[in-house]
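Below is one structure; the comments refer to it alone.
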Amino acid sequence: MTSSPTADVWEVMSTARSIRRFTDEPVDDATLERCLEAATWAPSGANAQAWRFVVLRSPEARAVAARAAAESLAVIEPVYGMTRPAPDDHSRRARVNRATYELHDRAGELTSVLFTQFRYETASELLLGGSIYPAMQNFLLAARALGLGACLTSWASYGGEVLLREALGIPEGWMLAGHVVLGWPRGHHGPVRRRPLSEVVFRDRWDPTHDDVAVRRP
Ligand SMILES: Cc1cc2nc3c(=O)[nH]c(=O)nc-3n(C[C@H](O)[C@H](O)[C@H](O)COP(=O)(O)O)c2cc1C
């Protein structure tokens with residue numbers, strides 16, 4: 001069982017795959033706080049730490065997350081050609097899609113954390129992202145180490161951005177970078193599925209035989 005807590009950093013990194021199905025057991029404050037503290041250990045440009053993490057726990061806040069999740073699902077369904085799988089479809093794709101639908105359908109029941117980053121006018125959005133995504137990754141790895149499941153989502157993008165910003169009172173100067181859902185996993189972690197090094201590492205020169213970037217759905 002690979003969902004057991006572990007302090008082995010290699011095991012954590014190689015098995016921290018997205019978890020989208022959760023038990024009904026709530027995530028206690030102390031456990032959540034450990035993940036949030038790990039997020040604050042991440043690097044950021046000039047060590048500005050211009051991040052704020054909004055924990056969505058109340059029924060009202062979770063209801064907004066549910067609406068944002070529905071908006072996001074409506075956008076990603078056609079992009080990935082996703083449909084609700086037939087009950088007798090046990091293919092890998094059907095299993096992933098089923099879990100994705102469950103995550104979005106149950107959004108209103110789950111704990112989630114919205115990661116925001118102050119928008120410095122001097123930096124590009126990509127550079128600003130570089131100051132918040134490491135915090136999110138630390139949070140995801142800490143969750144994995146503790147045996148929690150988590151999934152980074154785009155709920156704070158698309159139509160969800162306005163919904164979340166208004167409902168949670170997030171000022172204009174702050175960017176909504178990502179929305180992470182977490183809970184105790186139903187199912188288990190890893191191993192992650194990734195392209196081999198031979199396809200993504202080039203030696204001394206760009207390799208055009210491996211510069212395709214088509215989205216690969218499982
Ligand atoms: C920027 C970003 C946005 C994502 N948005 C969603 C999302 O809206 N819904 C979802 O179910 N998964 C989302 N994911 C999770 C990815 O689908 C997942 O990380 C990827 O397929 C690799 O699978 P793994 O994490 O299980 O290894 C997102 C991941 C990233 C990095």
Side-chain angles (χ1 to χ4, degrees), residues 2-3 10-22 35 39 42 51 53 56 62 64-85 91-117 125-145 147-164 175-183 185-197 199-200 213-218:
T2 48
S3 278
W10 299 99
E11 186 182 350
V12 165
M13 288 191 293
S14 63
T15 63
R17 72 183 181 197
S18 297
I19 297 289
R20 299 185 173 87
R21 299 164 69 237
F22 303 99
C35 299
W51 49 46
F53 315 128
L56 277 61
R62 291 201 317 254
V64 184
R67 287 173 58 206
E71 294 265 353
S72 169
L73 186 62
V75 173
I76 65 177
E77 269 181 322
V79 171
Y80 297 137
M82 270 174 58
T83 50
R84 292 184 185 265
S91 63
R92 183 181 163 77
R93 185 182 167 93
R95 280 186 280 122
V96 174
N97 284 352
R98 200 171 284 122
T100 301
Y101 279 107
E102 179 168 330
L103 174 78
H104 291 75
D105 292 346
R106 291 194 61 200
E109 303 161 41
L110 304 169
T111 294
S112 58
V113 181
L114 180 59
F115 287 75
T116 71
Q117 161 69 41
E125 287 202 358
L126 188 58
L127 195 56
L128 291 169
S131 282
I132 186 68
Y133 285 105
M136 258 184 267
Q137 181 68 3
N138 267 15
F139 182 93
L140 293 171
L141 295 178
R144 166 64 193 97
L148 278 167
C151 184
L152 172 52
T153 76
S154 330
W155 298 353
S157 307
Y158 315 123
E161 175 167 1
V162 174
L163 284 175
L164 288 160
M175 302 165 76
L176 277 54
H179 196 138
V180 177
V181 183
L182 86 164
R186 202 149 50 76
H188 48 84
H189 287 95
V192 297
R193 298 169 76 239
R194 298 292 184 262
R195 286 175 182 248
L197 279 190
E199 287 185 17
V200 298
V213 288
V215 174
R216 285 184 180 179
R217 288 289 289 174

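Atoms within a ligand are numbered from 1 in the order they appear, just like the ligands themselves.
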> For the residue pair Y133 and F115, is the inter-centroid distance of their aromatic rings smaller than 6.0 Å?
Replying inline: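 Y133 vs F115: aromatic centres not under 6.0 Å.
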> Would L114 and F53 count as a side chain to side chain contact (heavy atoms under 4.5 Å, CB included) if you check the C-alpha gap in whole Å, the side-chain angles of each, and the deciding distance to 0.1 Å?
Replying inline: CA-CA 6 Å; L114 180 59; F53 315 128; over 6 Å; no
Considering [options] one by one, which has a heavy atom nearer to [atom] than any of the others?
atom: atom 5 (N) of ligand 1; options: S154, C151, A16, S18; value: S154
atom: atom 22 (C) of ligand 1; options: H104, R17, M136, R194; value: R194
atom: atom 2 (C) of ligand 1; options: N97, V192, L152, V181; value: L152

> Can you find an N/O atom of R193 closer than 3.5 Å to an N/O atom of ligand 1?
Replying inline: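 Checking ligand 1 against R193, no N or O pair falls under 3.5 Å apart.
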> For ligand 1, which atoms have a heavy atom of L103 less than 4.0 angstrom away?
Replying inline: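 So the atoms of ligand 1 that pass are 11 (O).
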> Considering only heavy atoms of T100, which atoms of ligand 1 have at least one such atom less than 4.0 Å away?
Replying inline: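 Result: 11 (O).
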> Do the side-chain N and O atoms of E77 and Y101 include a donor-acceptor pair separated by under 3.5 angstrom?
Replying inline: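 The criterion, which ignores hydrogens and geometry beyond distance, is satisfied for Y101 and E77.
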> Are H179 and S112 linked by a side-chain donor-acceptor pair shorter than 3.5 Å?
Replying inline: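 Checked: H179/S112 side chains pair up, N/O donor to acceptor below 3.5 Å.
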> Any Lys/Arg nitrogen of D105 or R84 sitting under 4.0 Å from an Asp/Glu carboxylate oxygen of the other?
Replying inline: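 A salt bridge links D105 with R84.
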